[in-house]
Each structure stands twice: as structure tokens, then as C-alpha cells.
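All remarks here apply to the structure that follows.
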Amino acid sequence: MTVSVATWNVNGIKARIDNLLTWLEESKPDIACLQEIKSVDENFPKARIEDLGYNVVTHGQKGFNGVAILSLLPIDEATPRLPGDDGDEQARFLEAVVSVEGGALRVCCLYLPNGNPVDSDKFPYKLSWMERLEAFARDRLALEEPLILAGDYNVIPMPEDARHPDEWVGDALYRPESRGAFRRLANLGMTDALRASSDADGLYTFWDYQAGAWQKNNGIRIDHLMLSPQAADRLSGVTIEKHVRGWEKPSDHVPVRIELT
DNA sequence: ATGGTGGCTTGGCCA
């Protein structure tokens, strides 16, 4: 059987609910990981999404951040928070185990810290968060299960992942420390789904609202699905749903969707 | 060009 899994930074669920419902009806991903819901759990429009057949789990906070996982398949477990720092109050991580035909699929929805400005405490927070993510991945990879780490990584992995890489030099999304941490995650044995399935050069997932970035295709690729070997072996397709950026009241990110067969 | 745009909130932070 085929399982489809998508990730989308919606930039505010309240502002994006109509676009989200339109997209769900059109794309019908089995599992969708959402970031930047910017909502507490109680205000998340759960019922309208459940009406489309989805099970919904959220890990929200007031005003900022917040992640959610939607699944047409049963969610057996859902666990918020990235291990490694009990004092971290930011809602950026949600792990779920979903029942699929023939077993279980572990899906983690992550919203990695932006890290700018780099001379503030936000940059070391980003790097320590990435160290925690690497430790978490190492631990989960030992299970030798199909595993997907999907989300907004706020990392431009390579120059080919930006229309104008020179404009990003010095930015936390492109700093060598950030790219190195992303590479260490890959080097544990995780596959960047888009890189694996196609020539990713010139394919972007984010276009800033400012300065006509969308109209000029001045984009970057920062939304990624990283796959364990057991998931990567089943990868049969990847799609960047770019047309969603052209809708009314768009998010600045678009959905990225994979198929496992 | 120290701006630009948008979301969540009511003064200002975050991206």
C-alpha cells in the first residue's frame, strides 16, 4: 500500500484554515505535519479538520511556534517535546506513531529554530536544538523502523537550495554551523527525500512575503523530509506543491509531499 | 535602502 506524508509551515492556523482545508481536500495526504500553528491547543480548529476524516494531535503555545499532526490513519501514540532540555518551553516538536498496513510508521513534526540574529542567544539555541535532534535521531534509528523527520528545518543545506545564495551568507539559515549540523543528521543515515528522488537544484519551499520574492522566484529550500533507511527504501515520489503559494492569503511556505510504496 | 510584509495581538516580537 501507499502512504503519503506531507509537511507544511502554515504561518498561523487562524489565518490559514481556509487554505488548509482546500489543500487537504485537493491533496489528501494520509499524514500532514503542520508548523507555526501559532495557536494554543484549545483554539486549534480541530473539528473542521476532523470533518475531513483526519485524526488531529497538536502541541501549541500562545502566539508563536506550535506544531500539529493530522492523520487519516490511526494515531497510536503522540508525544510532544524534543528530548534533551526539560527547560525548553517552545512548542516545536511532536512525535507520533501511526498504524499503517503491515506495521507502524513513526512521524516527527518539527519546527527548528530560525536562529537569527546570529549574535543573539537565538543562534546557540538553534545549534543546541540541532544537537538534541541528532541525538534523538540516533536513538530512533536504532529501532530500525520506518521513520520520517518532517518539518521546517530553517536550514538551506546547499548553495543549490537558494536562488541567490550570496544573499544568505552570514544568515543563521545558511551559516556553516547550521549546514554542518544538518549534514551530521544526514550522515547518521537519513535521506533527504527531495534530494534523493530528483534533481533538487532550483526547487524551493519558501518565498518571503517581502520585496516580491515570490514573483521573482527568489526562494529557498528549507522544508525537508528526512527518512530512515526503512522509509527511504520505500520512497516512490516527492512533490513540492508550489501552486499553493499563488493562492489568496498564502503562507510563505508551501507543502512538500512524499509517497512511500 | 537599517527598509521591506505578514501574523498574532494591542505594543512589540517573531520570521
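Residue numbering restarts at 1 for every chain, and letters A, B, ... go by the order of the sequence lines.
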In this structure, how many angstroms lie between the [atom2] atom of [N] and the [atom1] atom of [X], rounded?
{"X": "A:Ile37", "N": "B:dA15", "atom1": "CD1", "atom2": "P", "answer": "16 Å"}
{"X": "A:Phe44", "N": "B:dG7", "atom1": "CZ", "atom2": "P", "answer": "17 Å"}
{"X": "A:Lys216", "N": "B:dT5", "atom1": "NZ", "atom2": "P", "answer": "12 Å"}
{"X": "A:Ile222", "N": "B:dA15", "atom1": "CD1", "atom2": "P", "answer": "12 Å"}
{"X": "A:Tyr209", "N": "B:dA15", "atom1": "OH", "atom2": "P", "answer": "14 Å"}
{"X": "A:Asn116", "N": "B:dC14", "atom1": "CG", "atom2": "P", "answer": "12 Å"}
{"X": "A:Asp208", "N": "B:dG7", "atom1": "CG", "atom2": "P", "answer": "13 Å"}
{"X": "A:Tyr153", "N": "B:dA15", "atom1": "OH", "atom2": "P", "answer": "18 Å"}

Quick check on the 6.0 Å ring-centre criterion: do A:Trp23 and A:Trp8 meet it?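 Yes, the ring centres sit under 6.0 Å apart.
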Face-on cation placement of A:Arg221 at A:Phe206 ring, 6.0 Å and 45° thresholds: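 No, A:Arg221 and A:Phe206 do not form such a contact.
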A:His253 or A:Asn11, whichever maps to the more 5' nucleotide of DNA chain B: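 Mapping each residue to its closest nucleotide by heavy atoms, the 5'-most match is A:Asn11.
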Mind checking if A:Phe206 touches a base, just sugar-phosphate, or nothing, with heavy atoms under 4.0 Å?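 If one applies the 4.0 Å heavy-atom cut-off, A:Phe206 turns out to touch nothing in the nucleic acid.
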Name the nucleic acid region contacted by A:Ala15, choosing base, sugar-phosphate or nothing; use a 4.0 angstrom heavy-atom cut-off, strictly under.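 Sugar-phosphate: the residue A:Ala15, judged by heavy atoms under 4.0 Å, touches backbone atoms but no base.
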Quickly, which of A:Tyr111, A:Trp129, A:Phe182 forms a ring-ring contact (aromatic ring centres under 6.0 Å, His included) with A:Tyr153? Name it, please.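 It is A:Phe182; the other options fail the test.
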Using OP1 and OP2 only, check whether a side-chain N or O of A:Lys38 sits under 4.0 Å from B:dA15.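 Answer is no, no contact under 4.0 Å.
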Can you check whether A:Arg92 has a side-chain N or O nearer than 4.0 Å to OP1 or OP2 of B:dA15?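 Answer yes for this pair, as a side-chain N or O of A:Arg92 is under 4.0 Å from OP1 or OP2.
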P atom, B:dG12 versus B:dT2: distance in rounded Å?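 Per the computed distance, 22 Å lies between those P atoms.
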For B:dC13 versus B:dA1, give the span between their C1' atoms, rounded off to a whole number of Å.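 Going atom to atom, C1' in each nucleotide, I get 23 Å.
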We want to know whether A:Ser228 and A:Glu145 form a side-chain donor-acceptor pair, criterion being a heavy-atom distance below 3.5 angstrom.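 Their side chains do not contain a donor-acceptor pair, so the 3.5 Å distance test is not met.
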Go through the side-chain N and O atoms of A:Asn65 and A:Arg92 and say whether any donor and acceptor fall under 3.5 Å apart.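 The criterion, which ignores hydrogens and geometry beyond distance, is satisfied for A:Arg92 and A:Asn65.
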